[in-house]
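As a basis for the values below, the full set of heavy atoms in this structure was taken, side chains included, without hydrogen atoms, waters or symmetry mates. In what follows, every chain begins at residue 1, and chains take the letters A, B, ... in the order their sequences are listed.
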Number of protein chains: 2
Amino acid sequence: MNNSHFSISLHILTLLDQVKGQLLNSEYIAGSINCNPVLVRKELANLHKHGFVQSKEGKGGGSTLAKNAADINLGDVYRAVKQKSLLGESRNEPNPDCPVGKQITKHLTDLYHEAEAALVKNLSSKTLKDFSAGFK
Amino acid sequence: MNNSHFSISLHILTLLDQVKGQLLNSEYIAGSINCNPVLVRKELANLHKHGFVQSKEGKGGGSTLAKNAADINLGDVYRAVKQKSLLGESRNEPNPDCPVGKQITKHLTDLYHEAEAALVKNLSSKTLKDFSAGFK
DNA sequence: TTGTTCTGTAATTAAAATTGTTACAGTATG
DNA sequence: CATACTGTAACAATTTTAATTACAGAACAA
């Protein structure tokens, strides 16, 4: 995750905002993003779980925003979408017999948490409405 | 990149600081990180390119810090190590025939740049000395 | 009430990115 | 000149990510 999920989610939310309440189906959205509709549906499922969108099943179905774009802030979207830490998360455990290796995971985790919090804080200063307003 | 590179680089720098000027070879470092020595050497090559470490080739060779730990700030390390954007960078080009698809790459890039700048600013408030001092 | 068009989700395959491995030239040391 | 390193490149293995296929269930409309 990380890279694409947030981009895809924001793309979806922006589209939904732009069409002002109209239902969009996953194929249309996928066409705009240029990716697979199933990927869009998975992303929508997550956005739905976090209360950002509503979906209607069946013929003529699709998705729409579940709340006002002004009430969706990008930090919240980021948190909803995030699956793993931006930094860190190495494949192998450092050597527990080395004084540095033994402690570094915790120190890195703390460092990353703080740094990421700064990033999220920045995102939180913007709403979907702000972001979407940039499109003309 | 992204995840592991920064972690590995910081791990290396911390080790080098802890041994106070002693030369460490890639195999020793790899042993602490629990990864392949070649990966360490690649990382060292990058750190060297950016002036953080010095290496000595040949028998008895190894690496050491090229400057004082107090003069190495983690934001600079991050920038040196970074190879791609934290957020963004999707695989496919969005659809240029869609008003949103057409503009979103630029908007996302701007958003990510700002958010990432906030993260780097946070990291920049800490030096290697600060970080390394946490190990006892 | 039946065909159609969607969502939601799982399972599988394909592609891409990351990491590990092997190999070896070049450099310093004793 | 043997040994022990760095620095790189080329390749293989692994892991992660995205695409594809498939299908049950929901809503709609004739």
Can you find a side chain N or O atom of A/H5 that sits less than 4.0 Å from OP1 or OP2 on D/dT17? no
Classify the nucleic acid contact of B/S26 as base, sugar-phosphate or nothing, counting any heavy atom under 4.0 Å across all strands shown. sugar-phosphate
Atom CD of A/E27 to atom C1' of C/dT7: distance rounded to whole Å? 13 Å
Contacts of A/R41 and A/K59 projected onto DNA chain C by closest heavy atom; the upstream (5') one is A/K59
Could you please name the option among C/dG3, D/dT21, C/dA28 that lies closest to any side-chain atom of B/K56? C/dA28
Given D/dA18, D/dG25, C/dT27, the nucleotide with the shortest approach to the side chain of B/E57: C/dT27
Under 4.5 Å between any side-chain heavy atoms of A/L65 and A/L128, yes or no? yes
Same apolar cluster (I L V M F W Y, side chains within < 4.5 Å links), B/F52/B/V19: yes
Quick one: on DNA chain D, does A/N36 or A/G60 contact a more 5' nucleotide (nearest heavy atom)? A/N36
Between A/F6 (CZ) and D/dA18 (C1'), how many Å, whole number? 20 Å
Rounded interatomic separation in angstrom, taking NZ from A/K42 and C1' from D/dT16: 13 Å
Rounded to whole angstrom units, what separation is found between the CG atom of B/N25 and the P atom of D/dG7? 12 Å
Nearest to the side chain of B/C35, which nucleotide is it out of C/dG20, C/dT5, C/dT19? C/dG20
Over how many whole Å does the gap from B/E93 atom CD to D/dA18 atom P extend? 15 Å
Between B/N95 and A/G31, is there a donor-acceptor pair closer than 3.5 Å when you use the side chain of the first and the backbone of the second? yes
From the candidates D/dA27, C/dA23, D/dC5, the one with an atom nearest any side-chain atom of B/V38 is C/dA23
Does a nitrogen or oxygen in the side chain of A/H48 sit under 4.0 Å from OP1 or OP2 of C/dT7? no
Are B/D76 and B/N73 linked by a side-chain donor-acceptor pair shorter than 3.5 Å? yes
What is the distance from OH of A/Y28 to P of C/dT7, rounded to the nearest Å? 14 Å
Can B/V38 be reached from B/I29 by stepping across I, L, V, M, F, W or Y side chains whose heavy atoms are under 4.5 Å apart? no
Pair A/I33-B/N92, side chain to side chain contact (heavy atoms under 4.5 Å, CB included): steps then yes or no: CA-CA 8 Å; A/I33 296 175; B/N92 309 328; over 6 Å; no
Given C/dG8, is OP1 or OP2 found less than 4.0 Å from the side-chain N or O atoms of A/S55? yes
Position toward the 5' end of DNA chain D (nearest nucleotide), B/G58 or A/N34: B/G58
Looking only at C/dG20, C/dT7, C/dT22, the nucleotide nearest the B/L39 side chain is C/dG20
Atom pair distance, as rounded to whole Å: CG in A/L23 and C1' in D/dC28: 13 Å
Can you tell me if B/S63 touches the phosphate of D/dT6, counting only side-chain N or O atoms and a distance under 4.0 Å to OP1 or OP2? no
What is the distance, to the nearest angstrom, from the CD atom on B/E43 to the C1' atom on D/dT6? 15 Å
